[in-house]
Amino acid sequence: QVQLVESGGGLVQAGGSLRLSCAASGRTFSTDTMGWFRQAPGKEREFVATIIWTVSNTYYAPSVKGRFTISRDNAKNTVYLQMNSLKPEDTAVYYCAAKRKYGLGNYADQYDYWGQGTQVTVSS
């Protein structure tokens, strides 16, 4: 069992920055990779970024590459998503996820555990 809790969402103007946090607890040794996804009303869940716990390999969706940075603090079992140069189209509920199998993953069905989500709203 792995529990994930996101925090740090809120309202920000276009061009601003926000940092999301995801605290992991439980059997975290059973997970290899973490990911961030987002979902806007009426749209499917969309991949944002992924990272491997031990070696910090990363991969980003083209829509956020160069603006967002995923990172982790292994001692705190926490993953972060630093979001810069935010755009109104970034508005969504952001979810943290954990994957048991080895390797970076950009599909939601590859992940086994999910947080409750945190709302990010970017105004124009």
In Å, rounded to the nearest 0.5 Å, how long is the span from CG of L18 to CG of L81? 9.0 Å

How many angstroms lie between OH in Y80 and OG1 in T69, if you round to the nearest 0.5 Å? 14.0 Å

Are the ring centres of F47 and Y59 closer than 6.0 Å? yes

Intermediate values then yes/no, salt bridge (Lys or Arg N to Asp or Glu O under 4.0 Å), R67 and D90: CA-CA 11 Å; R67 299 189 298 121; D90 295 318; 2.8 Å; yes

Can any side-chain N or O of E6 pair as donor or acceptor with the backbone N or O of Q116 at less than 3.5 Å? yes

Within a strict 4.5 Å, meaning less than it, do heavy atoms of the I51 and S56 side chains meet? yes

In this structure, would L20 and Y111 fall into the same cluster of hydrophobic residues linked by side-chain contacts under 4.5 Å? no

For the student: nearest non-hydrogen atoms of M83 and V120, plus distance: CE-CG2, 3.9 Å

Indicate, with yes or no, if W53 and W36 share a hydrophobic cluster defined by side-chain heavy-atom contacts under 4.5 Å among Ile, Leu, Val, Met, Phe, Trp and Tyr. yes

So OG1 of T58 and CD1 of I70: to nearest 0.5 Å the spacing works out to 7.5 Å

If you draw the axis of the six-membered ring of Y95, does the NZ or CZ of R38 fall within 45° of it and under 6.0 Å from the ring centre? no

Could you check T78 against D73 for side-chain hydrogen bond (donor to acceptor under 3.5 Å, both in side chains), going step by step and ending with a plain yes or no? CA-CA 5 Å; T78 300; D73 186 334; over 6 Å; no

Given side chains that start at C-beta, do those of Q119 and Y94 come closer than 4.5 Å, heavy atoms only? no

Any side-chain heavy-atom pair of L86 and F68 under 4.5 Å: yes

Flag the pair W114 / R45 as yes when at least one side-chain heavy-atom distance between them is below 4.5 Å, and no otherwise. yes

For the pair D32 and I52, evaluate side-chain contact (heavy atoms from CB on, under 4.5 Å) and give the outcome as yes or no after the intermediate values. CA-CA 6 Å; D32 176 81; I52 298 177; 4.1 Å; yes

Could you report the tightest heavy-atom contact between S17 and N84, atom names first, then the distance? OG-OD1, 2.9 Å

Would you compute the distance between atom CG of L104 and atom NZ of K99 and round it to the nearest 0.5 angstrom? 7.5 Å

State plainly whether one hydrophobic cluster holds both V2 and M34, where clusters connect Ile, Leu, Val, Met, Phe, Trp and Tyr through side-chain heavy atoms under 4.5 angstrom apart. yes

In the single-linkage hydrophobic clustering (I, L, V, M, F, W, Y; side-chain heavy atoms under 4.5 Å), do F37 and V122 co-cluster? no

Is any side-chain heavy atom of T50 closer than 4.5 Å to one of T33? yes

NZ-OG distance between K87 and S63, expressed to the nearest 0.5 angstrom: 8.5 Å

Can you name the nearest heavy-atom pair linking S124 to A14, along with the distance? CA-CB, 4.4 Å

Keeping the roles fixed (side chain from T31, backbone from T28), state whether a donor-acceptor pair exists under 3.5 Å. yes

For the atom pair CZ (R27) and CD (Q3), what is the distance rounded to the nearest 0.5 Å? 10.5 Å

Under 3.5 Å donor-acceptor, Q39 side chain and V93 backbone: no

